[in-house]
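Accompanying notes for the structure given below.
These values consider heavy atoms only, across backbone and side chains, with no hydrogens, waters or symmetry-generated copies. Model, not experiment: these values are computed from the prediction.
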Protein chains: 4
Amino acid sequence: MFLTVDSEDKRPLYQQIVDGVKALIASGELREGMGLPSVRQVAGDLGVNLNTIAVAYRQLQAEGLVHVRHGAGTVVSSRHGREVEEEELRKPLRSALTQLILGGRSDREIVTAVRRELKLLHERGGSR
Amino acid sequence: MFLTVDSEDKRPLYQQIVDGVKALIASGELREGMGLPSVRQVAGDLGVNLNTIAVAYRQLQAEGLVHVRHGAGTVVSSRHGREVEEEELRKPLRSALTQLILGGRSDREIVTAVRRELKLLHERGGSR
Amino acid sequence: MFLTVDSEDKRPLYQQIVDGVKALIASGELREGMGLPSVRQVAGDLGVNLNTIAVAYRQLQAEGLVHVRHGAGTVVSSRHGREVEEEELRKPLRSALTQLILGGRSDREIVTAVRRELKLLHERGGSR
Amino acid sequence: MFLTVDSEDKRPLYQQIVDGVKALIASGELREGMGLPSVRQVAGDLGVNLNTIAVAYRQLQAEGLVHVRHGAGTVVSSRHGREVEEEELRKPLRSALTQLILGGRSDREIVTAVRRELKLLHERGGSR
DNA sequence: GTGGTCTAGACCACG
DNA sequence: GTGGTCTAGACCACC
């Protein structure tokens, strides 16, 4: 699988997993009905504890992105009811933009960067 | 001052202060050489522990955004020397965009939202 | 048969079968002496592993709701002898009511909902 | 505090804690803004592991019933946005009622029991 | 002091 | 085989 963790990253390990899976879903690389690798396999691949991965999967489940069939693995859910509050989405955007401005980027540069990132995020999904 | 804290926010208090000051600088509301209110005053205004504010100021100082002029309190630094790593800036952007995609927003909607936020962030700063 | 399973349901598959049969008995749709469909047939109909159905039937048998007549399959038992502990019944009731209260429902609304559900549960059973 | 766990109970320990806190909130015994006992204290009182309680508190937080101020404890949230899906509430009700019917209770007895439980659930809240 | 994260390792439930 | 729960014990972040 295409998940990575970085011990330098400030986010907790389990959150990195959550974000990684979210990114894979957002890009279309993981689609509805597809199975996620097992907790044990991810734990082995990344060299982290079983429980840590289990926590990540549980959070994904709680957010409705995946559902678990107990002895049978974890699969990507159909995404109905994912009505995220507008404000909830805007807060991280605002924060990221603030940092870019502080980094000296002009508005034009920022918009260009946004377009580039969007393209990258979609590209990995392939034949979508 | 125009700083606020929200106990419902998931970020720690000190981080909210840091982000708030960053936003004020990014918008131009706080410019080079301008003084920040004293730790004591902010703590009093917000009803927060002195230590919490001190931690926030220390982090701003560590990031090179402000410096302490002895006897004169904390002032906003010049922007030189703050070369933030490109990757460091891109990570939160990517994360914010991922959430927007998962929230069902199209690329066009996202770019529009980015422009709107940029405008809002600048507006507060006035003549800049 | 009128049993269904839902892979999105949080309950394990075998429990869904158990609950389904219980509901059929409670509504009168299945009465004393009537036969249940064979394990093999249910498994085929629902596209579920044989073992899973067998586990469900075993639990129903352990609870005294059905018994096995050799050569004749599984049949619904008479109700005698199934003295369920009062406390055992009250626990799930209390839990369900707690959730309704937390959901903002008033006592009157709850009682009304209870009556409606009772009616629905009986209706399916016909002449009873 | 008035939380108990029962090793005979089929629910996992952490779920019993969650349900217990929910019941306390539903009854009004725990009101908005009131603090929950610390993870360590509950763990000590009940003789279970720290992590188990932490998992329970995290779930309560995820459901929006409490919010956590990192170094400062856990408090009951104001309850806006607790729009639970009607179906989500009805499922446990239906299941509980089914069991009561199977236990031989008549509809009248059941409604009476419901009223009694509702009264009990509210009574513990006192001056509400 | 508070809660959060992580590890190691055990045992259970499900399919 | 899958995921779920629990324990014991460690270390970190926040206030």
Checking all strands, does A/R40 fall into the base, sugar-phosphate, or nothing category for heavy-atom contacts under 4.0 angstrom? base
Looking at F/dC15, E/dT5, F/dT7, which one has an atom nearest to any side-chain atom of A/P12? E/dT5
A/S38 vs F/dG1: side-chain N/O to OP1/OP2 distance below 4.0 Å: no
Does a nitrogen or oxygen in the side chain of D/Q61 sit under 4.0 Å from OP1 or OP2 of E/dG4? yes
Between D/G47 and A/A72, which is nearer to the 5' end of DNA chain F once each is assigned its nearest nucleotide? A/A72
Touch check for D/N49, heavy atoms < 4.0 angstrom, all strands: base, sugar-phosphate only, or nothing? base
Tell me, do D/V76 and D/R31 make a side-chain contact under 4.5 Å, heavy atoms counted? no
Does A/L65 reach the side chain of A/V21, with side-chain heavy atoms less than 4.5 Å apart? no
Side chain to side chain contact (heavy atoms under 4.5 Å, CB included) assessment of C/E63 paired with C/K22: CA-CA 11 Å; C/E63 294 187 26; C/K22 281 185 179 178; 3.0 Å; yes
Which nucleotide in the set F/dT2, E/dG3, F/dC6 lies at the smallest distance from any side-chain heavy atom of D/Y14? F/dC6
By nearest nucleotide on DNA chain F, pick out whichever of A/V68 and B/Q15 is the more 5' one. A/V68
Among F/dC6, F/dG4, E/dC6, which nucleotide sits nearest the side chain of A/T52? E/dC6
Side-chain donor or acceptor of A/N51 under 3.5 Å from a matching atom on the base of F/dG4? no
Any Lys/Arg nitrogen of A/D9 or B/K91 sitting under 4.0 Å from an Asp/Glu carboxylate oxygen of the other? yes
Which nucleotide sits closest to the side chain of A/R58: E/dG4, F/dT5, E/dT5? F/dT5
Would you mind reading off the bend of the helix from E/dG1-F/dC14 to E/dC14-F/dG1 from its two end axes, five pairs each, to 10 degrees? 30°
Among the nucleotides E/dT7, E/dG4, E/dC14, whichever has the atom closest to the side chain of A/V48 is E/dT7
Can you tell if the side chain of A/D45 reaches within under 4.5 Å of the side chain of A/Q41, non-hydrogen atoms only? yes
Heavy-atom distance under 4.5 Å between the side chains of C/L36 and C/Y57, does that happen here? yes
Atom OH of D/Y57 and atom P of E/dT2 are separated, to the nearest Å, by 11 Å
Nearest 0.5 Å, what's the CD1-CG distance between C/I17 and C/L60? 9.5 Å
Out of F/dC6, E/dT7, E/dC14, minimum distance to the side chain of D/L13 belongs to F/dC6
